[in-house]
Protein chains: 2
Amino acid sequence: MEQETRLSTEPTTPEAAPATPGTVRPGGRTAKVRAAVLEATQDALVEQGFHALNMDRVAAAAGVGKTTVYRRWGSPIGLITDLLHDMAEQSLPAADTGDLEGDLRANALLVLKTLTDPRMGPVFQAVIASAACDEECATALNGFYTTRLREWAPAVARSVARGEIPAGTDATEVLRAVSAPLYYRFAVSREPLAPADAERAVAVALAGARAGAFR
Amino acid sequence: MEQETRLSTEPTTPEAAPATPGTVRPGGRTAKVRAAVLEATQDALVEQGFHALNMDRVAAAAGVGKTTVYRRWGSPIGLITDLLHDMAEQSLPAADTGDLEGDLRANALLVLKTLTDPRMGPVFQAVIASAACDEECATALNGFYTTRLREWAPAVARSVARGEIPAGTDATEVLRAVSAPLYYRFAVSREPLAPADAERAVAVALAGARAGAFR
DNA sequence: TAGTTAATGGAACAGGAGACCCGTTTGAGC
DNA sequence: GCTCAAACGGGTCTCCTGTTCCATTAACTA
């Protein structure tokens with residue numbers, strides 16, 4: 001977020017106050033406050049959605065002073081951006097089933113499970129909406145998916161090595177092709193998501209990969 | 001132009017006040033006001049984005065009383081929802097190039113052009129964010145894409161009739177497969193969109209269709 | 001063309017989000 | 001343990017958002 005709107009003073013002077021609270025003493029209380037606030041943010045998103053996300057309510061639910069929430073996160077979008085950074089840190093290991101179809105299916109089902117999860121669904125909804133409002137949040141979201149792609153790319157690379165799909169296939173594009181139809185339904189066309197959608201996404205991506213459409 | 005989304009009061013009583021302004025006398029001034037407000041809404045989205053969309057500023061830019069804007073649209077999301085209804089009414093005829101690949105390419109390039117358009121891009125960004133916040137807007141967005149799918153489905157049906165792809169292929173799923181990667185980049189992973197992305201989307205959807213992945 | 005009233009618009013009002021001040025708590029280094 | 005200042009938290013204030021009231025304008029109907 002942009003808390004630096006307030007600090008117009010150059011931090012050249014030695015006695016300049018710290019630009020971002022929570023960076024000098026990240027231990028103990030500061031960490032507890034962050035955990036409580038992000039938890040309360042998630043709760044609020046699940047219960048009322050992005051539009052109703054409110055700094056005062058989050059502060060109250062987290063048992064934290066609202067001044068603190070304003071100072072450290074600045075705005076609801078700041079909260080969501082930090083939540084996104086937190087999510088990006090939690091890495092799940094990618095699958096390795098032995099063939100591409102199995103790996104892609106595992107990936108598709110993971111995405112499906114995440115988006116239809118009663119807790120993660122609203123969070124992703126909010127994250128996507130926030131990214132549409134704020135460039136910094138958009139960058140964080142982009143980084144989140146970049147990380148995920150990097151984790152799963154080896155699955156496609158192994159498939160190329162096995163000769164299942166043509167050499168020169170762009171691994172990340174294959175993975176994007178698996179996720180895209182699910183996210184499209186979830187965030188854009190607002191249609192219900194079912195396991196059949198995951199299966200179809202896998203089948204189409206696989207057909208495309210075999211046909212060399214990702215080179 | 002269906003603003004009657006807000007009228008929950010039954011108009012049974014004769015003396016009942018008009019539930020929704022603009023429905024009894026839609027001509028002349030009322031229509032002009034709507035056009036000016038929607039235009040100003042678009043301008044605001046292009047210049048400052050969804051997050052900065054503000055009823056007062058829209059009213060001022062449209063040269064309209066802010067009372068009117070609040071009364072007829074209620075909130076920024078109400079503005080965007082109406083804008084969406086307005087967009088849904090403007091129908092572009094689908095292509096008919098003679099083969100499926102040509103039709104799908106025309107569709108993909110249309111989507112690409114829309115999303116990268118300096119005016120329509122921010123509007124779609126806002127519409128997607130609004131739909132994440134508001135159920136009524138989500139329904140309107142879903143309706144928008146349902147209309148578009150209905151317009152383009154014949155292209156796929158013709159291809160089935162020509163024997164290019166298997167009988168029983170779900171026409172709308174093929175079209176969704178073309179749009180999904182583009183919208184995914186645009187709204188979710190926030191990656192730049194290029195013509196190559198449209199080409200890839202067509203190639204993958206086509207490979208999937210030929211392999212029978214959409215049956 | 002005249003009458004009725006739907007719809008608009010200006011202005012004043014109320015409520016709440018967000019910023020600021022300053023005393024209190026507590027993490028980090030010795 | 002002790003010290004210092006980073007970070008927190010309660011209270012207060014201000015400005016902006018959204019509402020209400022009522023006079024004015026101009027669509028529809030006869």
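Just so we're on the same page: letters track the sequence lines, and every chain starts at 1.
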NZ/NE/NH1/NH2 to OD/OE distance under 4.0 Å, B:E39 and B:R119: yes
Between B:R34 and B:T30, a side-chain donor and acceptor under 3.5 Å: no
How are the rings of B:F124 and B:Y145 set to each other: parallel, tilted or perpendicular (split at 30° and 60°)? tilted
Taking only N and O in the side chain of [X], is any of them less than 4.0 Å away from OP1 or OP2 of [N]?
{"X": "A:Y70", "N": "C:dA19", "answer": "no"}
{"X": "A:T30", "N": "D:dA7", "answer": "no"}
{"X": "B:R72", "N": "C:dT8", "answer": "yes"}
{"X": "A:T68", "N": "D:dA7", "answer": "no"}
{"X": "B:N54", "N": "D:dC16", "answer": "no"}

So, does A:D103 use its side chain to make a donor-acceptor pair with the main chain of A:L100 at under 3.5 Å? no
Please give, in whole Å, the distance from [N] [atom2] to [X] [atom1]?
{"X": "B:I77", "N": "D:dT17", "atom1": "CD1", "atom2": "P", "result": "16 Å"}
{"X": "A:L53", "N": "C:dA17", "atom1": "CG", "atom2": "P", "result": "12 Å"}
{"X": "B:K32", "N": "C:dG9", "atom1": "NZ", "atom2": "P", "result": "13 Å"}
{"X": "A:D56", "N": "D:dT12", "atom1": "CG", "atom2": "P", "result": "16 Å"}
{"X": "A:R34", "N": "D:dC8", "atom1": "CZ", "atom2": "P", "result": "12 Å"}

Checking contacts here: which listed nucleotide ([options]) is nearest the side-chain heavy atoms of [X]?
{"X": "A:T67", "options": "D:dA27, D:dG11, D:dC8", "answer": "D:dG11"}
{"X": "B:K66", "options": "D:dG9, C:dA6, C:dA12", "answer": "C:dA12"}
{"X": "B:M55", "options": "C:dA6, D:dG18, C:dG27", "answer": "D:dG18"}

Could you report the tightest heavy-atom contact between A:F50 and A:L45, atom names first, then the distance? CA-CD2, 3.6 Å
Has the side chain of B:R71 got a donor or acceptor that lies under 3.5 Å from a partner of the other kind on the base of C:dG9? yes
